[in-house]
Asks: 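My questions will all concern the structure given below.
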There are 2 protein chains.
Amino acid sequence: MNTQTNLPEVFGALADPTRFAIVERLLKEGDLPVGQLAEPFKMSAPAISRHIKLLENAGLIERRIEKQWRVCALKKDRFADLHQWIERYRTFWNTSFDRLEALLDKQQGEDDDSSR
Amino acid sequence: MNTQTNLPEVFGALADPTRFAIVERLLKEGDLPVGQLAEPFKMSAPAISRHIKLLENAGLIERRIEKQWRVCALKKDRFADLHQWIERYRTFWNTSFDRLEALLDKQQGEDDDSSR
DNA sequence: TCTTCATTTAACTTTTTTATTAATTAATGA
DNA sequence: TCATTAATTAATAAAAAAGTTAAATGAAGA
(Lines give C-alpha, C1' and ligand atoms only; values in the text may rest on other atoms or scores of the structure.)
Protein backbone atom coordinates (compact mmCIF):
# COMPACT_ATOMS: atom_id res chain seq x y z
CA MET A 1 0.00 0.00 0.00
CA ASN A 2 1.08 3.51 -0.79
CA THR A 3 2.51 4.87 2.46
CA GLN A 4 1.04 8.31 1.71
CA THR A 5 -2.43 6.82 1.78
CA ASN A 6 -4.30 8.07 4.78
CA LEU A 7 -6.97 5.42 5.26
CA PRO A 8 -9.05 7.42 7.78
CA GLU A 9 -9.22 10.24 5.22
CA VAL A 10 -10.38 7.79 2.54
CA PHE A 11 -12.99 6.37 4.93
CA GLY A 12 -14.08 9.90 5.75
CA ALA A 13 -14.66 10.56 2.08
CA LEU A 14 -16.89 7.47 1.85
CA ALA A 15 -18.70 8.21 5.12
CA ASP A 16 -21.12 10.68 3.56
CA PRO A 17 -24.18 9.14 1.85
CA THR A 18 -24.04 11.62 -1.05
CA ARG A 19 -20.39 10.92 -1.75
CA PHE A 20 -20.88 7.20 -1.33
CA ALA A 21 -23.72 7.28 -3.88
CA ILE A 22 -21.53 9.25 -6.31
CA VAL A 23 -18.76 6.66 -6.07
CA GLU A 24 -21.21 3.78 -6.50
CA ARG A 25 -22.71 5.46 -9.54
CA LEU A 26 -19.28 5.92 -11.14
CA LEU A 27 -18.65 2.20 -10.66
CA LYS A 28 -21.97 1.20 -12.22
CA GLU A 29 -22.17 3.77 -15.02
CA GLY A 30 -18.56 4.74 -15.64
CA ASP A 31 -17.17 8.26 -16.05
CA LEU A 32 -19.72 11.07 -15.73
CA PRO A 33 -19.63 14.88 -15.69
CA VAL A 34 -20.30 16.76 -12.44
CA GLY A 35 -23.69 18.01 -13.61
CA GLN A 36 -24.97 14.54 -14.31
CA LEU A 37 -23.64 13.24 -10.99
CA ALA A 38 -25.51 16.07 -9.25
CA GLU A 39 -28.89 15.41 -10.87
CA PRO A 40 -30.27 12.75 -8.46
CA PHE A 41 -29.76 15.05 -5.45
CA LYS A 42 -31.87 18.03 -4.48
CA MET A 43 -28.75 19.59 -3.05
CA SER A 44 -27.32 22.79 -4.59
CA ALA A 45 -24.56 22.62 -7.21
CA PRO A 46 -21.89 24.13 -4.92
CA ALA A 47 -22.61 21.45 -2.32
CA ILE A 48 -22.07 18.70 -4.88
CA SER A 49 -18.95 20.43 -6.16
CA ARG A 50 -17.49 20.37 -2.65
CA HIS A 51 -18.32 16.68 -2.21
CA ILE A 52 -16.59 15.87 -5.46
CA LYS A 53 -13.56 17.92 -4.51
CA LEU A 54 -13.32 16.02 -1.23
CA LEU A 55 -13.46 12.69 -3.08
CA GLU A 56 -10.70 13.96 -5.35
CA ASN A 57 -8.55 15.08 -2.41
CA ALA A 58 -8.93 11.63 -0.88
CA GLY A 59 -7.63 10.17 -4.16
CA LEU A 60 -10.80 8.23 -4.94
CA ILE A 61 -11.64 10.05 -8.15
CA GLU A 62 -10.03 12.40 -10.65
CA ARG A 63 -11.49 15.11 -12.82
CA ARG A 64 -10.59 15.82 -16.41
CA ILE A 65 -11.82 18.63 -18.61
CA GLU A 66 -13.76 17.58 -21.70
CA LYS A 67 -15.19 20.46 -23.72
CA GLN A 68 -17.24 22.48 -21.21
CA TRP A 69 -17.61 19.63 -18.74
CA ARG A 70 -15.52 18.25 -15.86
CA VAL A 71 -15.75 14.51 -16.18
CA CYS A 72 -15.23 12.42 -13.04
CA ALA A 73 -13.61 8.99 -13.03
CA LEU A 74 -12.73 6.53 -10.28
CA LYS A 75 -9.01 6.17 -9.54
CA LYS A 76 -8.07 2.57 -8.99
CA ASP A 77 -5.11 3.09 -6.64
CA ARG A 78 -7.11 4.05 -3.56
CA PHE A 79 -9.54 1.22 -4.10
CA ALA A 80 -6.62 -1.15 -4.35
CA ASP A 81 -5.33 0.31 -1.06
CA LEU A 82 -8.71 -0.30 0.57
CA HIS A 83 -8.72 -3.85 -0.76
CA GLN A 84 -5.26 -4.53 0.58
CA TRP A 85 -6.26 -3.16 3.96
CA ILE A 86 -9.43 -5.24 4.28
CA GLU A 87 -7.59 -8.36 3.10
CA ARG A 88 -5.54 -8.22 6.31
CA TYR A 89 -8.77 -8.57 8.27
CA ARG A 90 -9.74 -11.60 6.26
CA THR A 91 -7.19 -13.64 8.16
CA PHE A 92 -9.08 -12.72 11.29
CA TRP A 93 -12.49 -13.80 10.07
CA ASN A 94 -11.20 -16.84 8.21
CA THR A 95 -9.64 -18.00 11.45
CA SER A 96 -13.05 -17.78 13.11
CA PHE A 97 -14.51 -19.68 10.21
CA ASP A 98 -11.81 -22.34 10.38
CA ARG A 99 -12.51 -22.74 14.09
CA LEU A 100 -16.19 -23.22 13.35
CA GLU A 101 -15.33 -25.77 10.68
CA ALA A 102 -12.99 -27.55 13.08
CA LEU A 103 -15.75 -27.60 15.68
CA LEU A 104 -18.23 -29.03 13.21
CA ASP A 105 -15.70 -31.65 12.08
CA LYS A 106 -15.02 -32.54 15.70
CA GLN A 107 -18.74 -32.94 16.43
CA GLN A 108 -19.11 -35.04 13.31
CA GLY A 109 -16.29 -37.25 14.57
CA GLU A 110 -17.92 -37.54 17.99
CA ASP A 111 -21.27 -38.41 16.41
CA ASP A 112 -19.53 -41.18 14.48
CA ASP A 113 -17.94 -42.46 17.69
CA SER A 114 -21.25 -42.56 19.52
CA SER A 115 -22.88 -44.59 16.70
CA ARG A 116 -20.28 -47.38 17.01
CA MET B 1 -24.19 -8.45 2.33
CA ASN B 2 -26.51 -7.80 5.23
CA THR B 3 -29.07 -5.32 3.90
CA GLN B 4 -29.14 -3.54 7.28
CA THR B 5 -25.48 -2.69 6.86
CA ASN B 6 -25.10 1.00 6.34
CA LEU B 7 -21.71 1.26 4.66
CA PRO B 8 -21.37 5.06 5.06
CA GLU B 9 -21.92 4.58 8.80
CA VAL B 10 -19.21 1.91 8.90
CA PHE B 11 -16.86 4.18 6.94
CA GLY B 12 -17.70 6.99 9.34
CA ALA B 13 -16.65 4.79 12.24
CA LEU B 14 -13.28 4.15 10.57
CA ALA B 15 -12.80 7.78 9.51
CA ASP B 16 -11.44 8.88 12.88
CA PRO B 17 -7.71 8.22 13.48
CA THR B 18 -8.28 7.17 17.09
CA ARG B 19 -10.99 4.66 16.18
CA PHE B 20 -8.99 3.40 13.23
CA ALA B 21 -6.00 2.81 15.50
CA ILE B 22 -8.20 0.95 17.99
CA VAL B 23 -9.50 -1.37 15.27
CA GLU B 24 -5.99 -1.98 13.93
CA ARG B 25 -4.77 -2.79 17.42
CA LEU B 26 -7.57 -5.30 17.97
CA LEU B 27 -6.56 -7.01 14.74
CA LYS B 28 -2.89 -7.17 15.71
CA GLU B 29 -3.22 -7.95 19.42
CA GLY B 30 -6.62 -9.57 19.74
CA ASP B 31 -9.32 -8.79 22.30
CA LEU B 32 -8.45 -6.06 24.80
CA PRO B 33 -10.24 -4.21 27.63
CA VAL B 34 -11.25 -0.56 27.18
CA GLY B 35 -8.63 0.68 29.61
CA GLN B 36 -5.78 -0.94 27.72
CA LEU B 37 -7.09 0.31 24.39
CA ALA B 38 -7.15 3.82 25.85
CA GLU B 39 -3.55 3.79 27.12
CA PRO B 40 -1.71 4.93 23.94
CA PHE B 41 -3.86 8.07 23.71
CA LYS B 42 -3.59 11.18 25.84
CA MET B 43 -7.32 11.61 25.42
CA SER B 44 -9.64 11.36 28.45
CA ALA B 45 -11.35 8.07 29.30
CA PRO B 46 -14.85 9.33 28.43
CA ALA B 47 -13.63 10.33 24.96
CA ILE B 48 -12.28 6.82 24.34
CA SER B 49 -15.47 5.30 25.74
CA ARG B 50 -17.51 7.25 23.18
CA HIS B 51 -15.23 6.18 20.33
CA ILE B 52 -15.63 2.56 21.34
CA LYS B 53 -19.39 2.92 21.59
CA LEU B 54 -19.48 4.38 18.09
CA LEU B 55 -17.45 1.42 16.77
CA GLU B 56 -19.88 -0.90 18.52
CA ASN B 57 -22.92 0.88 17.03
CA ALA B 58 -21.41 0.55 13.57
CA GLY B 59 -21.13 -3.19 14.22
CA LEU B 60 -17.35 -3.31 13.96
CA ILE B 61 -16.71 -4.47 17.51
CA GLU B 62 -18.56 -5.92 20.47
CA ARG B 63 -18.03 -5.60 24.18
CA ARG B 64 -18.29 -8.35 26.75
CA ILE B 65 -17.97 -8.07 30.49
CA GLU B 66 -15.14 -10.01 32.10
CA LYS B 67 -14.74 -9.45 35.83
CA GLN B 68 -14.44 -5.67 36.22
CA TRP B 69 -13.39 -5.09 32.61
CA ARG B 70 -15.26 -4.53 29.34
CA VAL B 71 -13.30 -6.50 26.78
CA CYS B 72 -13.54 -5.39 23.14
CA ALA B 73 -13.42 -7.76 20.18
CA LEU B 74 -13.71 -7.29 16.43
CA LYS B 75 -16.92 -8.57 14.86
CA LYS B 76 -16.25 -10.32 11.59
CA ASP B 77 -19.57 -9.63 9.86
CA ARG B 78 -18.98 -5.94 9.12
CA PHE B 79 -15.48 -6.64 7.88
CA ALA B 80 -16.89 -9.28 5.59
CA ASP B 81 -19.40 -6.68 4.35
CA LEU B 82 -16.58 -4.24 3.64
CA HIS B 83 -14.68 -6.93 1.82
CA GLN B 84 -17.67 -7.82 -0.31
CA TRP B 85 -18.18 -4.17 -1.15
CA ILE B 86 -14.59 -3.52 -2.18
CA GLU B 87 -14.51 -6.73 -4.23
CA ARG B 88 -17.08 -5.18 -6.56
CA TYR B 89 -14.56 -2.42 -7.32
CA ARG B 90 -11.92 -4.97 -8.13
CA THR B 91 -13.63 -5.67 -11.41
CA PHE B 92 -13.11 -2.03 -12.25
CA TRP B 93 -9.41 -1.95 -11.52
CA ASN B 94 -8.73 -5.39 -12.95
CA THR B 95 -10.28 -4.23 -16.19
CA SER B 96 -7.79 -1.37 -16.26
CA PHE B 97 -5.01 -3.78 -15.53
CA ASP B 98 -6.13 -6.19 -18.22
CA ARG B 99 -6.19 -3.29 -20.69
CA LEU B 100 -2.65 -2.40 -19.72
CA GLU B 101 -1.59 -6.02 -20.14
CA ALA B 102 -3.34 -6.16 -23.51
CA LEU B 103 -1.54 -2.98 -24.53
CA LEU B 104 1.82 -4.36 -23.45
CA ASP B 105 1.13 -7.63 -25.27
CA LYS B 106 0.13 -5.70 -28.37
CA GLN B 107 3.31 -3.60 -28.24
CA GLN B 108 5.32 -6.76 -27.76
CA GLY B 109 3.68 -8.19 -30.87
CA GLU B 110 4.37 -5.03 -32.82
CA ASP B 111 8.00 -5.07 -31.70
CA ASP B 112 8.28 -8.64 -32.96
CA ASP B 113 6.70 -7.57 -36.27
CA SER B 114 9.13 -4.69 -36.69
CA SER B 115 12.08 -6.99 -36.10
CA ARG B 116 11.06 -9.23 -38.97
C1' DT C 1 -17.18 40.05 -28.58
C1' DC C 2 -21.15 38.68 -26.04
C1' DT C 3 -24.13 35.26 -24.13
C1' DT C 4 -24.81 30.92 -22.27
C1' DC C 5 -23.79 26.82 -19.85
C1' DA C 6 -21.11 24.22 -16.36
C1' DT C 7 -18.84 24.53 -12.38
C1' DT C 8 -16.33 26.64 -8.65
C1' DT C 9 -15.14 30.07 -4.97
C1' DA C 10 -16.61 33.24 -1.21
C1' DA C 11 -19.05 34.39 2.74
C1' DC C 12 -21.81 32.81 5.99
C1' DT C 13 -25.19 29.72 8.84
C1' DT C 14 -26.55 25.41 10.69
C1' DT C 15 -25.60 20.89 12.18
C1' DT C 16 -22.68 17.33 13.70
C1' DT C 17 -18.72 15.63 15.88
C1' DT C 18 -15.36 15.48 19.33
C1' DA C 19 -13.32 16.75 23.52
C1' DT C 20 -13.43 18.20 28.53
C1' DT C 21 -14.61 17.88 33.60
C1' DA C 22 -17.74 16.33 37.09
C1' DA C 23 -20.82 12.98 38.65
C1' DT C 24 -22.64 8.16 38.40
C1' DT C 25 -22.79 3.16 38.00
C1' DA C 26 -21.09 -1.29 38.86
C1' DA C 27 -18.09 -4.92 40.23
C1' DT C 28 -13.94 -6.41 43.37
C1' DG C 29 -12.07 -7.50 47.31
C1' DA C 30 -10.18 -5.99 52.11
C1' DT D 1 -19.77 -2.29 54.31
C1' DC D 2 -16.41 0.66 52.33
C1' DA D 3 -12.66 1.91 49.44
C1' DT D 4 -10.83 1.08 44.93
C1' DT D 5 -10.83 0.30 40.13
C1' DA D 6 -13.08 0.44 35.47
C1' DA D 7 -15.96 2.52 32.63
C1' DT D 8 -20.02 5.25 31.42
C1' DT D 9 -23.39 9.15 31.40
C1' DA D 10 -24.36 14.20 31.76
C1' DA D 11 -23.60 18.85 30.70
C1' DT D 12 -21.31 21.71 28.01
C1' DA D 13 -17.69 23.99 25.09
C1' DA D 14 -14.91 23.98 20.93
C1' DA D 15 -13.90 22.43 16.33
C1' DA D 16 -15.10 20.43 11.96
C1' DA D 17 -18.36 19.39 8.34
C1' DA D 18 -22.04 20.39 5.28
C1' DG D 19 -25.44 23.26 3.38
C1' DT D 20 -27.17 27.92 1.39
C1' DT D 21 -27.15 32.07 -1.81
C1' DA D 22 -24.53 35.29 -4.47
C1' DA D 23 -20.64 36.25 -7.22
C1' DA D 24 -16.79 34.67 -10.17
C1' DT D 25 -14.42 31.82 -13.65
C1' DG D 26 -13.83 29.77 -17.94
C1' DA D 27 -14.78 27.40 -22.21
C1' DA D 28 -18.23 27.17 -26.33
C1' DG D 29 -20.40 28.86 -29.82
C1' DA D 30 -23.56 32.54 -32.12
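Letters A, B, ... mirror the listed sequences (proteins, then strands); counts begin at 1.
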Asks: Rounded to the nearest Å, what distance is computed from the CZ atom of residue A/R70 to the C1' atom of nucleotide C/dA6?
Replies: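 A/R70 atom CZ is separated from C/dA6 atom C1' by 7 Å.
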Asks: DNA chain D: A/P46 or A/A15, which has the more 5' nearest nucleotide?
Replies: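 Upstream on the strand: A/A15.
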Asks: Is it true that B/R64 and B/E66 have a side-chain N and a carboxylate O under 4.0 angstrom from each other?
Replies: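 Between B/E66 and B/R64 there is a salt bridge, with a charged N closer than 4.0 Å to a carboxylate O.
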Asks: Are A/I86 and B/V23 joined in one hydrophobic group, where the rule is that I, L, V, M, F, W and Y side chains link up if heavy atoms are under 4.5 Å apart?
Replies: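 Looking at the clustering, B/V23 is in the same group as A/I86.
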Asks: C/dT28 P sits how many Å from B/W69 CH2, rounded?
Replies: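 Distance check: B/W69 CH2 to C/dT28 P gives 9 Å.
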Asks: Rounded to whole angstroms, how far apart are CG on B/L54 and P on C/dT17?
Replies: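 For the pair B/L54 CG and C/dT17 P, the rounded distance is 8 Å.
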Asks: Quick check against the 3.5 Å criterion: does B/R88 have a side-chain atom that pairs as donor or acceptor with the backbone of A/E24?
Replies: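 Not confirmed, B/R88 side chain does not pair with A/E24 backbone.
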Asks: So does B/S44 get a side-chain nitrogen or oxygen closer than 4.0 Å to the phosphate oxygens (OP1/OP2) of C/dT20?
Replies: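 True: B/S44 side-chain N/O within range (under 4.0 Å) of C/dT20 OP1/OP2.
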Asks: Examine D/dG19: is either OP1 or OP2 under 4.0 Å from a nitrogen or oxygen in the side chain of A/K42? Give yes or no.
Replies: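 So the side-chain polar atoms of A/K42 never come under 4.0 Å of the phosphate oxygens OP1 or OP2 of D/dG19.
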Asks: For C/dT18, does OP1 or OP2 lie under 4.0 Å from any side-chain N or O of B/R19?
Replies: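 Checking C/dT18 against B/R19, a side-chain N or O does come within under 4.0 Å of OP1 or OP2.
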Asks: Does A/H51 have a side-chain nitrogen or oxygen under 4.0 Å from the phosphate oxygens OP1 or OP2 of D/dA17?
Replies: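 So the side-chain polar atoms of A/H51 never come under 4.0 Å of the phosphate oxygens OP1 or OP2 of D/dA17.
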Asks: Ignoring the backbone of A/V34, work out which of C/dT7, D/dA10, D/dG19 is nearest its side chain.
Replies: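 The closest nucleotide is C/dT7.
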Asks: Could you tell me the separation between the CG atom of A/D16 and the C1' atom of D/dA16, rounded to a whole number of Å?
Replies: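 Taking atom C1' of D/dA16 as the reference, CG of A/D16 is at 14 Å.
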Asks: Output the single nucleotide from D/dT20, D/dA6, C/dT9 whose closest atom is nearest the side chain of A/S49.
Replies: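 Among D/dT20, D/dA6, C/dT9, the one nearest the side chain of A/S49 is C/dT9.
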Asks: Examine C/dC5: is either OP1 or OP2 under 4.0 Å from a nitrogen or oxygen in the side chain of A/K67? Give yes or no.
Replies: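 Negative; the distance criterion is not met.
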Asks: Compare the minimum distances between each of D/dT9, D/dT21, D/dG19 and the side chain of A/T18, then state the nucleotide with the smallest one.
Replies: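 In terms of side-chain proximity for A/T18, the closest of D/dT9, D/dT21, D/dG19 is D/dG19.
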Asks: Take the protein atom CD1 of B/I48 and the nucleotide atom P of D/dT9, then report the distance between them rounded to whole Å.
Replies: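 Interatomic distance, CD1 of B/I48 to P of D/dT9: 15 Å.
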Asks: Drop me the distance from A/L7's CG to B/L14's CG, to the nearest 0.5 angstrom.
Replies: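 It is 8.5 Å, given to the nearest 0.5 Å.
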Asks: Select one nucleotide: of C/dT7, D/dA18, C/dT20, the one nearest the side-chain heavy atoms of B/R50.
Replies: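 Given the options C/dT7, D/dA18, C/dT20, the side chain of B/R50 is closest to C/dT20.
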Asks: Would you mind reading off the distance between B/Q68 atom CD and D/dA6 atom P, rounded to a whole angstrom?
Replies: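 That distance rounds to 7 Å.
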Asks: Please give, in whole Å, the distance from C/dT17 P to B/I52 CD1?
Replies: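 Distance check: B/I52 CD1 to C/dT17 P gives 19 Å.
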Asks: Using atom CD of A/E66 as one end and atom C1' of D/dA28 as the other, report the distance to the nearest whole Å.
Replies: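 In whole Å, D/dA28 C1' lies 15 Å from A/E66 CD.
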Asks: Is the closest side-chain heavy-atom distance between B/T5 and B/L82 below 4.5 Å?
Replies: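 Heavy-atom side-chain distance check fails, nothing below 4.5 Å.
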